[in-house]
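Notes to accompany the following structure.
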Amino acid sequence: MTDSALDPEDRKIVTLARSARARNGVPEGAAVRDETGRTYAAGTVALDSLRLSALRTAVAMAVASGAKSLEAAAVVTEAESVPAEDLSAVRDLGGAATPVLVAGPDGAVRRTVSAG
């Protein structure tokens, strides 16, 4: 998928995810967009007592802020796939059809998967 083929709102969440990853110097960055268009960006959390992927952290931020559903999610990672636990978190809030954009560290979207 080329960057020019992305919807501007999807490009925005990829950019936010990439920025969260770079700013925090963490393995992954993620962002989600809720039903009102609000966005939530997060990086990987790696504390002794708490470990969360960037995508699960972004979903948790959306829930904590009152989001009722998700329109889309993005994760910037070197990994080739999205863990099932991450997709489950997106599915729990957004539904099985919620698209998850998977981008490399350069921000280029490699694939889109559904949360279902």
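Since this is a predicted model, take the numbers as computed values, not measurements.
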Which pair of heavy atoms, one from Val90 and one from Ala73, lies closest together, and at what distance? CG2-CB, 4.2 Å
Compare every heavy atom of Ala96 with every heavy atom of Ser114, then report the nearest pair and how far apart it is. CB-O, 3.5 Å
Is there a path of hydrophobic side-chain contacts, each under 4.5 Å between heavy atoms of I/L/V/M/F/W/Y residues, joining Val113 to Val76? no
For Ala17 versus Ala74, what's the shortest heavy-atom pair and its separation? CB-O, 4.1 Å
With sequence neighbours excluded, give me every side-chain hydrogen bond (donor to acceptor under 3.5 Å, both in side chains) pair touching residues 15-27. Arg21-Glu78
So which atom in Pro99 and which in Thr112 form the shortest heavy-atom distance, rounded to 0.1 Å? CB-CG2, 3.8 Å
In one Ile/Leu/Val/Met/Phe/Trp/Tyr side-chain cluster, 4.5 Å: Leu101, Leu70: no
Under a single-linkage definition using a 4.5 Å side-chain heavy-atom cutoff for Ile, Leu, Val, Met, Phe, Trp and Tyr, are Leu52 and Val102 assigned to the same hydrophobic cluster? no
Going hydrophobic residue to hydrophobic residue with side-chain gaps under 4.5 angstrom, can you get from Val100 over to Leu6? no
Should Val63 and Ile13 be regarded as members of a common hydrophobic cluster, given that ILVMFWY residues are connected when their side-chain heavy atoms come within less than 4.5 Å of each other, either directly or indirectly? no
Considering only distance and modelled atom types, tabulate donor-acceptor pairs under 3.5 Å from the side chains of residues 79-89, sequence neighbours left out.
unit_1 : atom_1 : unit_2 : atom_2 : d
Asp86  : OD1    : Ser53  : OG     : 2.8
Asp86  : OD1    : Arg56  : NE     : 2.8
Asp86  : OD2    : Ser53  : OG     : 3.1
Ser88  : OG     : Ala84  : O      : 3.1
Ser88  : OG     : Arg91  : NH2    : 2.9

Any salt bridge (charged side-chain N to carboxylate O under 4.0 Å, His left out) involving residues 92-102? Give me the pairs, sequence neighbours left out, ordered by first then second residue. none
Which pair of heavy atoms, one from Ala20 and one from Ala42, lies closest together, and at what distance? CB-O, 3.6 Å
Residue pairs passing the salt bridge (charged side-chain N to carboxylate O under 4.0 Å, His left out) test where at least one lies in residues 26-41, sequence neighbours excluded: Asp10-Arg33, Arg33-Glu71, Asp34-Arg38
Pairs in or reaching into residues 95-105: which pass salt bridge (charged side-chain N to carboxylate O under 4.0 Å, His left out), with residues at least two apart or in two chains? none
Are Val32 and Leu55 side-chain neighbours, meaning at least one heavy-atom pair lies under 4.5 Å? yes
Who else is in Leu16's hydrophobic cluster (ILVMFWY, side-chain heavy atoms under 4.5 Å, direct or via others)? none
Between Ala67 and Leu93 the two heavy atoms that sit nearest each other are O-CD1, 3.8 Å
Starting at OG1 of Thr44, measure out to CZ of Arg51 and round the result to the nearest 0.5 Å. 10.5 Å
